[in-house]
There are 2 protein chains.
Amino acid sequence: MPAKVDHEARRRDVSAAVWRVLATEGFGGLTLRAVATEMGATTGLVTHYFPSKQALIVHALELAEARTRELVPSIEGLRGLAALQQALAGVLPLNPEGTEINRVWVSSWDVALADPALHALEKARYKRWRARLKPLVEQAQQDNDLPPGNPDDLVASLAAFTHGLVVQALFDPRAFSHKRQLHLLKTHLEALRP
Amino acid sequence: MPAKVDHEARRRDVSAAVWRVLATEGFGGLTLRAVATEMGATTGLVTHYFPSKQALIVHALELAEARTRELVPSIEGLRGLAALQQALAGVLPLNPEGTEINRVWVSSWDVALADPALHALEKARYKRWRARLKPLVEQAQQDNDLPPGNPDDLVASLAAFTHGLVVQALFDPRAFSHKRQLHLLKTHLEALRP
DNA sequence: CGGCGTACATAACAAGTGTTAGGTATCTAC
DNA sequence: GTAGATACCTAACACTTGTTATGTACGCCG
């Protein structure tokens, strides 16, 4: 069983190329050739690591989720509203990588809405995100920093606010500077305080 | 100068076909052939009314905006918070047509992020939407139904909340029933009341 | 009725698509 | 050193893509 190259590492190289293509061209521009030339190789290499384009897309989406998770700064040491604010701010396009990730994310919604399998994946991803936010919301409610009521509703509303802000910021980064995004988030959370 | 067919009417037929394709396949599936077969014609007809695919895309986006505007129910007789709630609720995917429009809308963000010209159009569209909401927000502030402060910030936040809700509802219509969407909107506005 | 310009079908085009099949080099294991 | 498996390139495949040119039918104006 030969192992002249590190299979996993090489696969990550392909991943990186996929990512770069997505960040610049969006899902509409994701082709095997684009990925191949991006890493100075041929389609043969790409298909060697990913059996089909569908597999490549799925992988790209997993990648986006993973990157999102590691982008969001640690909320260790924080709890309640402060942790929540940190968690939400971490999703915003406040730096080049955050912008990149969100571009990929938003751009994926086209394929995700058209393809049932991807649709299901995206739906599950949203669910997971809300589940991760929920305990923070509940803490904030206990601290009387957020109004009482169904925490699931609050989580959904906050997720909505955040992603809606992401989209607007992507299309008009000038009007939605980093400072303003954070200000909007902060003000929004304060306005909700009972 | 012959006029055996109503040029404008025929053009609208093409429009309708474009729309049906977008609603089912998204922008990724928008091709001249798809439009042509959708209306039982050939690519020759399509190109006769739209010189290029880019023109077709631009037209499709204008169509989406027009449909959105006529979808939103009249807010005549209403003012302030009530009008605002109505205006925002009108954007939500609460019926088949609303769902269709939003699907097209969200799906367009892929191409819109990748193409500079479309990017500019989308940015302008967002700006127009916020401008239309602004007077309602200001009225609501005067009525003390919304907290004081920069109205532009409030508008952006409400637009964010609404569109973020749209996206979540598109991906999980079961979890975001019509009733719940309206409930979330109502609760959200109430929570903002000073 | 003859000419002209519009409306569209037909069809070809070059380019780009995902997928698949050899082919070759190179390493490991014996 | 030989056998076998992996890594990757080359190249072809069958389509699909947007665009363009050609042909034809047909209503209007003179």
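Numbers restart at 1 for each chain; the letters A, B, ... are given by sequence-line order, proteins then strands.
Among the protein residues, A:Ser52 comes within range of the sugar-phosphate backbone only, with heavy atoms under 4.0 Å from sugar or phosphate atoms but none that close to a base. Nucleic acid contact class of A:Arg33 (heavy atoms, under 4.0 Å, all strands): base. Residue B:Thr31 is classed as a sugar-phosphate contact, given heavy-atom separations below 4.0 Å to backbone atoms only. Within the 4.0 angstrom heavy-atom criterion, only backbone atoms of the sugar-phosphate kind lie near B:Leu30; the bases stay farther away. Across all strands, B:Leu32 comes closer than 4.0 Å to base atoms (heavy-atom distances).
A salt bridge is defined here as a Lys NZ or Arg NE, NH1 or NH2 lying under 4.0 Å from an Asp or Glu carboxylate O, and A:Arg125 with A:Glu122 meets this definition.
Summarising the geometry, the separation between CZ on A:Phe27 and C1' on C:dT17 is reported as 17 Å, rounded to the nearest angstrom. One atom, CG of A:Leu56, and another, C1' of C:dT17, lie 14 Å apart when rounded to the nearest Å. If you measure from atom CG of B:Asp13 to atom P of C:dA7, you get 13 Å, rounded to the nearest angstrom. Note: CZ (B:Arg11) to P (C:dT6) measures 16 Å, nearest angstrom. The CZ-P distance, from B:Phe50 to D:dT20, rounds to 17 Å in whole Å. Atom C1' of nucleotide C:dA9 and atom OH of B:Tyr49 are separated by 13 Å, given to the nearest angstrom. The CG atom of A:Leu45 sits 16 Å away from the C1' atom of C:dT19 (whole-angstrom rounding). If you measure from atom CD1 of B:Ile57 to atom P of D:dT17, you get 13 Å, rounded to the nearest angstrom.
Remark: A:His7 is in phosphate contact with D:dA7, judged by side-chain N or O atoms under 4.0 Å from OP1 or OP2. Residue B:His48 places no side-chain N or O under 4.0 Å from the OP1 or OP2 atom of C:dC8. Between A:Arg10 and D:dC8, a side-chain N or O to OP1/OP2 separation shorter than 4.0 Å is present.
Each of A:Gly29 and A:Thr47 lies near DNA chain C, and the nucleotide nearest A:Gly29 is the one positioned closer to the 5' end.
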Residue pair A:His188, B:Asp153: steps toward the side chain to side chain contact (heavy atoms under 4.5 Å, CB included) verdict: CA-CA 9 Å; A:His188 183 69; B:Asp153 284 355; over 6 Å; no

Test log, rule side chain to side chain contact (heavy atoms under 4.5 Å, CB included), inputs A:Leu184 and A:Arg180: CA-CA 6 Å; A:Leu184 286 174; A:Arg180 184 169 183 224; 4.1 Å; yes

Trace of the side chain to side chain contact (heavy atoms under 4.5 Å, CB included) decision for B:Leu189 with B:Leu158: CA-CA 9 Å; B:Leu189 289 175; B:Leu158 288 169; 3.8 Å; yes

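Aromatic ring pairs are classed by plane angle as parallel below 30°, tilted from 30° to 60° and perpendicular above 60°; the pair A:Tyr126 and A:His163 is perpendicular.
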